[in-house]
Amino acid sequence: MTTPKRALITGITGQDGSYLAEFLLQNGYEVAGMVRRTSGLNLERLGGVLDRIKIVSGDLLDVASLVDVVKNFAPTEVYNLAAQSFVTTSWNQPEFTADVTALGVTRLLDAVRIVNPEVRFYQASSSEMFGKVREVPQNELTPFHPRSPYGVAKVYGHWITVNYRESFDMYACSGILFNHESPRRGLEFVTRKISHQVARIKFGLAKELRLGNLDAKRDWGFAGDYVKAMWLMLNQDRPEDYVIATGETHSVREFCEIAFARAGLNYENHVIVDEQFFRPAEVDLLIGDPKKANDGLGWKTEVSFVELVEMMVDSDIKDCSGRL
Ligand code: NAP
Ligand code: G4F
């Protein structure tokens, strides 16, 4: 009989954590999700799997808690998805963002190194690291030029992961994931802000949607597809870093156009550009080259851009109509 694989997921209460937990359970893993102490535990996204995962307590700000979690659960794989992940907040809380999103990675790598350096480690790196892009499309060798405190923190997290791999011979990988969305996306991110408000407008609960830069372009994929790539990265012969992207880019405006049309509405009648949502420094264009992941991991995106937008709008319309 083979020993089951044991995965520890930090950030399990977030969008990606919930999809990854479902995927790993389907693949025979024992799964533990690390949650931090808050006044109200946010387990909403874990409804489908809560009875099959172990919830453990820890915080990326506290290395003792991380050592305990790794020692007690004894994972074979650690997925570090926890972060202060909202770019806008990173200008208001730059030091906190650096503590969690940058130094938190070192704390968790150290916990793994001290307890059992054989454990395989995944770091959630981000296309925000490319920022003011140096080439189009962006691949694993494109230089970084982050444009937000969040992006700067992710660059640190990326390189400390590479450094622990090179220094301590750990199986540590960094997945440079481009934007990925789903009906479980937080309401503060632009895609879900749009799909959620489209549903409210459709049912007469709102009239307008206030947004910032409609011309920003992103390479948007479906989160359910992207968590498979995280697992594939930890199950190769050698640890390497990979760009995960669709290879297509679309503007916020295009997202609006398709989302409103899905609900039988015209975005031009509802979207208002509001200065308060513009950023001190913007990432204008992201488009990833997923060739290394396509060829080396056999990974490919399965949900198209239009399918993604429609999936999100349909889900918010269903939720909204259920609440009327
Ligand atoms: P998310 O929904 O914002 O989830 C973030 C998670 O981190 C939550 O579970 C949150 O817990 C947890 N967390 C925050 N601070 C923590 C701390 N100090 N200690 C322990 N846990 C903490 O993010 P996501 O969209 O799922 O993204 C997952 C990861 O991928 C993040 O690292 C993000 O930066 C990165 N990433 C995301 C994308 C994307 O497009 N989604 C693209 C590239 C990279 P609470 O519930 O307690 O707040
Ligand atoms: O949805 P966003 O907030 O995502 P952003 O900044 O690209 O970051 C997300 O993706 C990263 C991967 O590249 C992750 F690492 C990160 O954790 C996060 O998941 O904004 C997307 C674009 C931006 O250009 C922003 O200026 O939409 C533009 N935008 C226009 N109006 C808006 C709004 N963004 C938000 N959040 N709210 C608006 O009203």
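Order of appearance sets the numbers: ligands from 1, and atoms from 1 within every ligand. Note that this is a predicted model, so its numbers are computed, not measured.
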K.L.:
For atom 42 (C) of ligand 1, which of Gln123, His180, Glu44, Glu188 has the closest heavy atom?
P.N.:
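Nearest option to atom 42 (C) of ligand 1, by heavy atoms: His180.
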
K.L.:
Atoms of ligand 1 less than 4.0 Å from Gln15 heavy atoms?
P.N.:
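That gives atoms 2 (O), 25 (O), 26 (O), 41 (N) of ligand 1.
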
K.L.:
Between Lys154 and ligand 1, find which residue part has any heavy-atom pair under 4.0 Å and reply side chain, backbone, both or neither.
P.N.:
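Answer for Lys154: side chain.
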
K.L.:
What residue and heavy atom of the protein are closest to atom 14 (C) of ligand 1, and at what distance?
P.N.:
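It is Ala83 O, 3.3 Å.
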
K.L.:
Between Arg165 and Asp241, is there a side-chain N and carboxylate O pair less than 4.0 Å apart?
P.N.:
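Salt bridge: yes.
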
K.L.:
Starting from atom 6 (C) of ligand 1, what is the nearest protein heavy atom, named by residue and atom, and what distance separates them?
P.N.:
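So the nearest neighbour among protein heavy atoms is Gly11 CA, 3.6 Å.
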
K.L.:
Backbone or side chain, does any N or O of Val100 fall under 3.5 Å from an N or O of ligand 1?
P.N.:
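No: no nitrogen or oxygen of Val100 is under 3.5 Å from one in ligand 1.
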
K.L.:
Just jot down the ligand 1 atoms closer than 4.0 angstrom to any heavy atom of Asp59, in number order.
P.N.:
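Within the 4.0 Å cut-off of Asp59, ligand 1 contributes 17 (C), 18 (N), 19 (N).
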
K.L.:
For residues 317-324, which side-chain N or O atoms pair as donor and acceptor with protein atoms under 3.5 Å away, sequence neighbours left out?
P.N.:
| unit_1 | atom_1 | unit_2 | atom_2 | d |
| --- | --- | --- | --- | --- |
| Ser321 | OG | Ile317 | O | 3.3 |
| Ser321 | OG | Lys318 | O | 3.0 |

K.L.:
With a 4.0 Å heavy-atom cut-off (strictly under), which part of Phe86 contacts ligand 1: side chain, backbone, both or neither?
P.N.:
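It is neither; nothing of Phe86 touches ligand 1.
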
K.L.:
Which of the atoms in ligand 1, numbered in the order shown and given with their element, are less than 4.0 Å from a heavy-atom of Asn179?
P.N.:
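Close to Asn179: 40 (O).
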
K.L.:
Please confirm whether the ring centroid of Trp299 lies under 6.0 Å from the ring centroid of Tyr226.
P.N.:
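Aromatic pair counts; centres sit under 6.0 Å.
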
K.L.:
Is ligand 1 less than 4.0 angstrom away from at least one heavy atom of Thr10?
P.N.:
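No.
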
K.L.:
Return the option from Ser85, Ser126, Ala153, Ser18 holding the heavy atom at the smallest distance from atom 23 (O) of ligand 1.
P.N.:
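That would be Ser85.
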
K.L.:
Students should be able to answer this: which protein heavy-atom is nearest to atom 26 (O) of ligand 1, and at what distance?
P.N.:
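Ranked first by proximity to atom 26 (O) of ligand 1 is Asp16 N, 2.8 Å.
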
K.L.:
At what distance is the nearest protein heavy atom to atom 22 (C) of ligand 1, and which residue and atom is it?
P.N.:
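Nearest neighbour among protein heavy atoms for atom 22 (C) of ligand 1, to 0.1 Å: Ala82 CB, 3.6 Å.
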
K.L.:
Assess whether ring pair (Phe, Tyr, Trp, His ring centres under 6.0 Å) is satisfied between Phe130 and Phe144, documenting all intermediate values.
P.N.:
CA-CA 4 Å; Phe130 296 121; Phe144 300 139; 5.5 Å; yes

K.L.:
Out of all atoms in ligand 1, which are within 4.0 Å of some heavy atom of Asn42? Include the element for each.
P.N.:
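So the answer, numbered in order with elements, is 46 (O).
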
K.L.:
Of the choices Leu60, Thr89, Leu81, Leu20, which has the non-hydrogen atom that lies closest to atom 29 (C) of ligand 1?
P.N.:
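That would be Leu81.
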
K.L.:
Can an N or O of Ser125 be found at a distance shorter than 3.5 Å from an N or O of ligand 1?
P.N.:
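No, no N or O pair falls under 3.5 Å.
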
K.L.:
Which atoms of ligand 1 are found less than 4.0 Å from any heavy atom of Ala124?
P.N.:
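Ligand 1 atoms under the 4.0 Å threshold to Ala124: 29 (C), 30 (O), 32 (O), 35 (C).
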
K.L.:
Is Gly14 in polar range of ligand 1, meaning some N or O pair under 3.5 Å apart?
P.N.:
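Yes, since at least one N or O of Gly14 sits under 3.5 Å from an N or O of ligand 1.
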
K.L.:
Please work out whether any backbone atom (N, CA, C, O) or any side-chain heavy atom from C-beta onward of Thr13 is under 4.0 Å from ligand 1, and answer side chain, backbone, both or neither.
P.N.:
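Within the 4.0 Å criterion, Thr13 contacts ligand 1 through backbone and side-chain atoms alike.
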
K.L.:
I need the nearest protein heavy-atom contact for atom 34 (O) of ligand 1: residue, atom name and distance, please.
P.N.:
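Atom 34 (O) of ligand 1 sits closest to the protein heavy atom Tyr150 OH, 2.6 Å.
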
K.L.:
Can Asp284 and Lys217 be counted as an ion pair, charged N to O under 4.0 angstrom?
P.N.:
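Here Asp284 does not pair with Lys217 in a salt bridge, since their nearest N and O are not under 4.0 Å apart.
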
K.L.:
Please determine which of Arg52, Arg184, Lys228 meets the salt bridge (charged side-chain N to carboxylate O under 4.0 Å, His left out) test together with Glu22.
P.N.:
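Option passing the salt bridge (charged side-chain N to carboxylate O under 4.0 Å, His left out) with Glu22: Arg184.
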
K.L.:
Please state whether Arg185 comes within less than 4.0 angstrom of ligand 1, counting heavy atoms only.
P.N.:
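Within the 4.0 Å threshold, so yes.
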
K.L.:
Backbone or side chain, does any N or O of Gln84 fall under 3.5 Å from an N or O of ligand 1?
P.N.:
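No; every N/O pair is 3.5 Å or more apart.
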
K.L.:
Can you report which non-hydrogen protein atom sits closest to atom 48 (O) of ligand 1, along with the distance?
P.N.:
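Among all protein heavy atoms, the one nearest atom 48 (O) of ligand 1 is Arg36 NH2, 2.7 Å.
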
K.L.:
Give the residue and atom name of whichever protein heavy atom lies nearest to atom 43 (C) of ligand 1, and the separation in Å to one decimal.
P.N.:
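Heavy-atom neighbour on the protein nearest atom 43 (C) of ligand 1: Leu177 O, 3.1 Å.
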
K.L.:
Under a 3.5 Å threshold, I'd like every N/O contact between ligand 2 and protein atoms, with atom names and distance.
P.N.:
| unit_1 | atom_1 | unit_2 | atom_2 | d |
| --- | --- | --- | --- | --- |
| ligand 2 | 1 (O) | Val190 | N | 2.8 |
| ligand 2 | 3 (O) | Arg279 | NH2 | 2.8 |
| ligand 2 | 6 (O) | Arg279 | NH1 | 2.6 |
| ligand 2 | 7 (O) | Asn179 | ND2 | 2.9 |
| ligand 2 | 7 (O) | Arg218 | NE | 2.8 |
| ligand 2 | 10 (O) | Asn179 | ND2 | 3.0 |
| ligand 2 | 13 (O) | Ser127 | OG | 2.6 |
| ligand 2 | 13 (O) | Asn179 | OD1 | 2.8 |
| ligand 2 | 17 (O) | Ser85 | O | 2.7 |
| ligand 2 | 17 (O) | Tyr150 | OH | 2.7 |
| ligand 2 | 19 (O) | Arg185 | NH1 | 3.2 |
| ligand 2 | 19 (O) | Arg185 | NH2 | 2.9 |
| ligand 2 | 20 (O) | Arg279 | NH2 | 3.4 |
| ligand 2 | 24 (O) | Arg218 | NH2 | 3.0 |
| ligand 2 | 24 (O) | Glu282 | OE1 | 2.9 |
| ligand 2 | 24 (O) | Glu282 | OE2 | 3.0 |
| ligand 2 | 26 (O) | Glu282 | OE2 | 2.6 |
| ligand 2 | 31 (N) | Gly212 | N | 2.8 |
| ligand 2 | 36 (N) | Glu188 | O | 2.9 |
| ligand 2 | 39 (O) | Lys193 | NZ | 2.8 |

K.L.:
Looking at Arg107 and Asp99, is any side-chain nitrogen of the basic one under 4.0 Å from a carboxylate oxygen of the acidic one?
P.N.:
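Judged by the 4.0 Å cut-off on N to carboxylate O distance, Asp99 and Arg107 do form a salt bridge.
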
